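Heavy atoms only: backbone and side chains are in, while hydrogens, waters and symmetry mates are out. Only a predicted model underlies this, so the values are computations on that prediction, with no experimental measurement involved.
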Amino acid sequence: MENATKALEIAASVLIGVLLLGALIFGYNQIAEQKKIEQKNEKARQLSEYNINFESYSKDKVYGSELLSLANEIINYNTRKATDESGYQKIELEVTIKNAIMDGKVFKFDNKTYSANDIDDAYKDLSKKIREANVKYAGKSVAYWTNALPVTSEAIFRQKILEYGYNIPDSHELFNKIIVYKQLVNEQKEFGRKTFKYKDLVEYDQGNGRVAKLTFEEK
């Protein structure tokens, strides 16, 4: 009888141990599953935040200044995130300018398509040309003379120089410098004011669902 009781106790202990082990395994699996769900939700959240940043540009009216910002974002992403180690695909940007800017020095071609780097390089080149054109003349910058004197015609320009009492050695040379400077500054402003429309649906990376390409065309 005593042996039978001990046997029952041992069996009960084993059963309890099995039940506890099963409970622990079940609990571990539940926690692991919950962690997987949390990680999946976090990835989905990050993907949504990433995509919406670029998808916000896919609208019917986008200004050139906005596309310049988009180009900089894409260049930054392609440089820092889209690496061989990350496995992320680089983002492509296509921007077609239908109408060249009048007297443009950089954006001077009709129906030309630019990539993100093309847009960024062209705008930097234009900014450099503006800085180079804004030289000192008679002690003041060309930008100063542009604001101080009208340049509708060279005759009026010379007349105003005399009226305002400015001492300018070669008014013809300054007049030409102002014309070039104004054309460059106008080109910069005109590009920023150009309006574009999103041409196609957003293209996504088939592997991870990230935005892969955006295409715009001047309206």
Engineer: Hey, quick one: are I91 and I75 part of the same hydrophobic cluster, counting side-chain heavy atoms closer than 4.5 Å, chains of contacts allowed?
Structural biologist: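 No, I91 does not connect to I75 through the hydrophobic network.
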Engineer: Under 3.5 Å, sequence neighbours excluded: what are the donor-acceptor pairs made by side chains of residues 123-131?
Structural biologist:
unit_1, atom_1, unit_2, atom_2, d
K124, NZ, D120, OD2, 3.0
S127, OG, Y123, O, 3.0
S127, OG, Q188, NE2, 3.4

Engineer: Can you get from L174 to Y164 by hopping between Ile, Leu, Val, Met, Phe, Trp and Tyr side chains that sit under 4.5 Å apart?
Structural biologist: yes
Engineer: Can you name the one residue among D110, N99, T195 that meets side chain to side chain contact (heavy atoms under 4.5 Å, CB included) with E218?
Structural biologist: N99
Engineer: Quick check against the 3.5 Å criterion: does D103 have a side-chain atom that pairs as donor or acceptor with the backbone of Q183?
Structural biologist: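 No; judged by distance alone, with no hydrogens or angles, the pair does not exist.
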Engineer: Taking 4.0 angstrom as the limit, do D60 and K219 come out as a salt bridge?
Structural biologist: yes
Engineer: Please tell me whether N72 and S69 have a donor and an acceptor in their side chains that are separated by less than 3.5 angstrom.
Structural biologist: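 No pair is found: no donor N or O on one side chain lies under 3.5 Å from an acceptor on the other.
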Engineer: Can a donor-acceptor pair be found, under 3.5 Å and without considering hydrogens, that links the side chain of W145 to the backbone of I178?
Structural biologist: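 No; zero donor-acceptor contacts below 3.5 Å.
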Engineer: Kindly indicate whether a cation-pi arrangement holds for K140 with Y144, taking the cut-offs as under 6.0 Å to the six-membered ring centre and within 45° of the axis.
Structural biologist: yes
Engineer: Determine, using the 4.5 Å side-chain heavy-atom cutoff (strictly less than), whether V106 and F109 are members of one ILVMFWY cluster.
Structural biologist: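 Unlinked, V106 and F109 end up in two clusters.
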Engineer: Is it possible for you to say whether I168 and I156 belong to one hydrophobic cluster, with membership spreading through side-chain heavy-atom contacts below 4.5 Å?
Structural biologist: no
Engineer: With clusters defined by side-chain heavy atoms of hydrophobic residues (ILVMFWY) lying less than 4.5 Å apart, directly or transitively, does Y63 cluster with F216?
Structural biologist: no
